[in-house]
Protein chains: 2
Amino acid sequence: MINDQQKRLARYAKALGHPVRIFVLQTLSLQSCCYSGDLTEILPIAKSTLSQHLKELKDAGLIQGEIEAPRIKYCINKENWKEAQLLLKAFFDI
Amino acid sequence: MINDQQKRLARYAKALGHPVRIFVLQTLSLQSCCYSGDLTEILPIAKSTLSQHLKELKDAGLIQGEIEAPRIKYCINKENWKEAQLLLKAFFDI
DNA sequence: ATATTTGTTCGCAATATTACGAACAACCAT
DNA sequence: ATGGTTGTTCGTAATATTGCGAACAAATAT
């Protein structure tokens, strides 16, 4: 009934469905990458909460983390970012 | 910290974050309007569940309902649809 | 070895989401 | 008036989300 494209689009949209995650993605796409600590300094939430939001974005495939001990460098997952962009574009240009 | 645009974008994205709601919006934008009953016939969910999803989309401002007794005609809310489109476009074209 | 930095995981709580069936309200037709 | 159609609302249940602090793990620095 509901196809895979619709499910993937909904999955991406769900990941975008929180102000903090929008902010994180905007930050990442403006400066290509950043560290979790950079975000903790700016955002008025506990680091454990931020960690959950980052996990949410990771699970959705929109970002990826690279260990740069002792920190973790987060970047946009360009491939999936592109897919989300295309799915949303197709959706709105119906 | 987090501005109004980011909140509105997250609000729209959240509304798009379920396959059923994606399907409903696609249907509505392809045929401009439709009745709730049309969707109930196609979708494998209870009518009360569909009603909840429609309410969700209405609360987010993406659709609007017009009484055509005894049915209700649902249409895209073009103004807010446009806003969502522009916010998402700006977001991905960063 | 010990302490510091960085970020995740755990435990908990409050609230939201998703889903269903039954009951209800509004309107039309007979 | 009685019955049929349409869709919402209510009650309930299971699960997910959001958020915090404390505890933990991994690596570096002293």
Side-chain angles (χ1 to χ4, degrees), chain A residues 1-2 6-25 27-28 31 33-77, chain B residues 1-2 6-25 27-28 31 33-77:
Chain A
M1 179 55 249
I2 282 173
Q6 291 163 329
K7 285 179 192 164
R8 286 212 305 279
L9 177 49
R11 183 72 187 82
Y12 286 130
K14 192 178 176 186
L16 299 181
H18 192 287
V20 164
R21 296 197 290 267
I22 291 289
F23 179 86
V24 168
L25 289 170
T27 302
L28 286 184
Q31 49 180 269
C33 289
C34 82
Y35 299 102
S36 176
D38 303 342
L39 297 167
T40 312
E41 282 174 23
I42 308 175
L43 288 165
I45 56 173
K47 60 180 180 172
S48 56
T49 303
L50 175 62
S51 190
Q52 278 183 337
H53 284 300
L54 291 172
K55 178 170 163 38
E56 190 71 28
L57 290 171
K58 224 187 318 179
D59 290 348
L62 288 172
I63 67 171
Q64 57 201 30
E66 192 187 329
I67 294 172
E68 246 181 50
R71 297 185 293 177
I72 297 181
K73 191 173 71 172
Y74 281 104
C75 310
I76 296 281
N77 181 319
Chain B
M1 176 58 251
I2 283 172
Q6 290 164 329
K7 285 180 192 163
R8 285 211 306 277
L9 178 48
R11 183 72 187 82
Y12 286 130
K14 191 178 177 186
L16 299 181
H18 191 287
V20 165
R21 295 196 290 266
I22 290 288
F23 178 86
V24 169
L25 289 171
T27 304
L28 286 185
Q31 48 180 269
C33 290
C34 82
Y35 299 102
S36 176
D38 303 344
L39 297 166
T40 311
E41 281 175 24
I42 308 174
L43 289 165
I45 58 174
K47 60 180 180 170
S48 54
T49 304
L50 175 62
S51 190
Q52 279 182 335
H53 284 299
L54 292 173
K55 178 171 164 37
E56 190 72 28
L57 290 171
K58 224 186 319 179
D59 290 348
L62 288 171
I63 68 172
Q64 58 202 31
E66 192 186 331
I67 295 174
E68 247 181 49
R71 299 184 293 179
I72 297 179
K73 192 173 71 173
Y74 281 104
C75 309
I76 296 282
N77 180 320

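Here is how names work: the chains are called A, B, and so on, in the same order as the sequence lines, proteins then strands, and each is numbered from 1.
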J.: Which part of the nucleic acid, if any, lies within reach of B/I45 when heavy atoms closer than 4.0 Å are counted: base, sugar-phosphate only, or nothing?
T.: sugar-phosphate
J.: Would you indicate which nucleotide in C/dG21, D/dA27, C/dT8 comes nearest to any side-chain atom of A/A69?
T.: D/dA27
J.: Quick check on DNA chain D: between A/A46 and B/G37, whose nearest nucleotide comes earlier from the 5' end?
T.: B/G37
J.: Among D/dT5, C/dT8, D/dG21, which is the nearest nucleotide to the side chain of A/S48?
T.: D/dG21
J.: Looking at residues 13-23 of chain A, who's got a heavy atom less than 4.0 Å off DNA chain D?
T.: A/K14, A/H18, A/R21
J.: Please report, rounded to the nearest Å, how far the C1' atom of D/dC20 is from the CG atom of A/L43.
T.: 15 Å
J.: Where is the tightest heavy-atom contact between A/T40 and A/K47, given as atom of each residue plus distance?
T.: CG2-CB, 4.0 Å
J.: Indicate, with a heavy-atom threshold strictly under 4.0 Å, whether A/S36 touches base, sugar-phosphate, or nothing.
T.: sugar-phosphate
J.: Does a side-chain N or O from A/Y74 land closer than 4.0 Å to OP1 or OP2 of C/dT6, or not?
T.: no
J.: For C/dC20, does either OP1 or OP2 sit under 4.0 Å from a side-chain N or O belonging to B/T49?
T.: yes
J.: Salt bridge (Lys or Arg N to Asp or Glu O under 4.0 Å) with A/D59: which residues, sequence neighbours excluded?
T.: A/K55
J.: Heavy atoms within less than 4.0 Å of DNA chain C: which residues of residues 50-65 of chain B have one? Give them sorted by number.
T.: B/Q52, B/H53
J.: Starting at CZ of A/R71 and ending at C1' of D/dT28, how long is that distance when rounded to a whole Å?
T.: 12 Å
